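A short write-up of the structure that comes next.
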Amino acid sequence: MGNPPPTSGSGGSGGSGGLPPGQRLVQGWPVSHYGPVPRFRPERWNLQVFGATATGGKRAWTFDEFTAFPRTTVVADLHCGMGTTSTGHEWFGVSPVSLMELVPPAADVTHIMVWAEYGYSANLRLADFTSDRTILATHRNGESLTAEHGFPLRLVVPHLYAWKGPKWVRGIEYMARDRRGFWEERGHHNIGDPWKEQRYAHQEQEGDGPAL
Ligand SMILES: Nc1nc2c(c(=O)[nH]1)N[C@H]1C(S)=C(S)[C@@H](COP(=O)(O)O)O[C@H]1N2
Ligand SMILES: [Mo]
C-alpha cells in the first residue's frame with residue numbers, strides 16, 4: 001500500500017495536498033494511452049470475471065446488467081508515470097469489492113489482472129484492487145466518461161500510477177501468483193507507488209515482482 005504523502009495532507013485524496021515526488025500539476029484532464037480508442041458496441045460488450053474463482057467458474061455481465069450495480073463516489077488524482085498529475089476528479093462507479101462478493105476468489109488468490117480492450121492489462125496486488133479508494137468508474141465529475149477517457153468503464157487506483165488503471169476495462173482475472181501486465185512487462189515498475197516514485201522495473205527490489 002502507498003506511503004502517506006510527505007507532509008501536508010490529503011495527498012492522493014483529491015488534489016489539495018502535495019504532489020508525489022517528481023510529478024508536475026497539469027491543468028484540465030489530458031488524454032494519455034497507448035494505441036487507438038476502441039469503439040463501444042453495447043451489444044457485444046460484457047465484463048468478465050475469470051481465473052482462480054472459488055467455484056472455478058466464470059461470470060459475465062452485459063452492459064445493462066452492470067449498469068444496475070450499486071455505485072459509490074471517490075475523489076482522487078491521476079498520476080501519470082511520465083510525470084504529470086491531473087487533479088479534481090470525482091469518480092463515480094462500482095466498488096471492486098462488490099464485484100468480488102458476487103464472484104468470490106479461491107483462497108489462494110494474491111493478485112488481480114485487469115484486462116482492457118485490445119489486450120491492455122495491469123496487474124495489482126489483491127489489496128490494491130480491494131482498497132476502499134479503488135473504483136471501477138463509469139462517470140467523472142457527474143458526467144459519463146468520454147470515449148478517450150475510457151467509456152464505458154475504467155479502473156482508478158488512487159494510490160498507484162495511472163497506468164495501473166486500465167481504461168475500457170473488459171475483464172478481471174483472479175491470480176494465485178503475480179504476473180506482469182502490459183507496462184510492467186515493458187520496463188515499468190511492478191508495484192508503481194508514486195509516493196515512492198516506483199516508475200521503472202530497474203528500481204524493483206526483491207519481492208516487488210516476478211522476474212522479467
Ligand atoms: N486501456 C488502456 N488504459 C490505460 C492506458 C492505455 O494505454 N490503455 N494508459 C494508462 C496511462 S499510462 C495513463 S496516464 C492513464 C491516462 O488516463 P487519462 O487519459 O484519462 O488521463 O490511462 C491509463 N489507462
Ligand atoms: Mo501514463
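Just so we're clear, the structure is a prediction, and the values are computed from it rather than from any experiment. For ligands, and for the atoms within them, numbers begin at 1 and follow the listed sequence.
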Does an N or O anywhere in V31 fall below 3.5 Å from an N or O of ligand 1? no
Rounded to the nearest 0.5 angstrom, the CG-OG1 distance for L160 and T134 is 7.5 Å
Check for me, please, whether F129 and L47 land in the same ILVMFWY cluster - side-chain distances under 4.5 Å, paths through other members count. yes
Does one hydrophobic cluster hold both M113 and L124, with members joined at side-chain heavy-atom distances below 4.5 Å? no
Just distances here: any N/O of W183 and N/O of ligand 1 closer than 3.5 Å? no
For Y34, the atoms of ligand 1 under 4.0 Å from one of its heavy atoms are 6 (C), 7 (O)
Just need the protein heavy atom nearest to atom 24 (N) of ligand 1, so name the residue and atom and give the distance. G165 O, 3.0 Å
Among K167, H188, R154, H33, which residue places a heavy atom closest to atom 20 (O) of ligand 1? R154
Short question: side chain of Q23, backbone of H79 - any donor-acceptor pair under 3.5 Å? no
Looking only at distance, does H149 have an N or O less than 3.5 Å from an N or O of ligand 1? yes
Does E117 reach ligand 1 with a nitrogen or oxygen that is under 3.5 Å from one of the ligand's nitrogen or oxygen atoms? no
Could you tell me whether some N/O pair between S32 and ligand 1 is separated by less than 3.5 angstrom? yes
Under 4.0 Å from a heavy atom of A116: which atoms of ligand 1 are those, numbered in the order shown and with their elements? 1 (N)
Lys/Arg N to Asp/Glu carboxylate O, E148 vs K167, below 4.0 Å: no
Element-labelled atoms of ligand 1 that are located less than 4.0 Å from some non-hydrogen atom of P166: 3 (N), 24 (N)
Show, in sequence, the C-alpha distance, side-chain angles and deciding distance for W61 and F69, and conclude whether the ring pair (Phe, Tyr, Trp, His ring centres under 6.0 Å) test is met. CA-CA 10 Å; W61 298 280; F69 282 15; 5.3 Å; yes
Counting from 1 in the order shown, the ligand 1 atoms closer than 4.0 Å to a non-hydrogen atom of W29 are 18 (P), 20 (O), 21 (O)
Would a hydrophobic clustering, with Ile, Leu, Val, Met, Phe, Trp and Tyr connected at side-chain separations under 4.5 Å, put W168 with F50? no
Going only through I, L, V, M, F, W and Y residues with side-chain contacts under 4.5 Å, is there a path from W91 to V169? yes
Within 4.0 Å of some non-hydrogen atom of L78, the atoms of ligand 1 are 21 (O)
Is it true that F63 and F66 have ring centroids separated by less than 6.0 Å? no
Does P30 have a non-hydrogen atom less than 4.0 Å from ligand 1? yes
Ranked by distance from atom 11 (C) of ligand 1, the top protein heavy atom is W163 CA, 3.8 Å
How far is atom 8 (N) of ligand 1 from the closest protein heavy atom, and which atom is that? Y120 CD1, 3.3 Å
Assess whether atom CD of E43 is packed by more than 12 heavy atoms of other residues, nucleotides or ligands within 6.0 Å. yes
Ligand 1 atoms in contact with C80 (distance to a heavy atom under 4.0 Å): 14 (S)
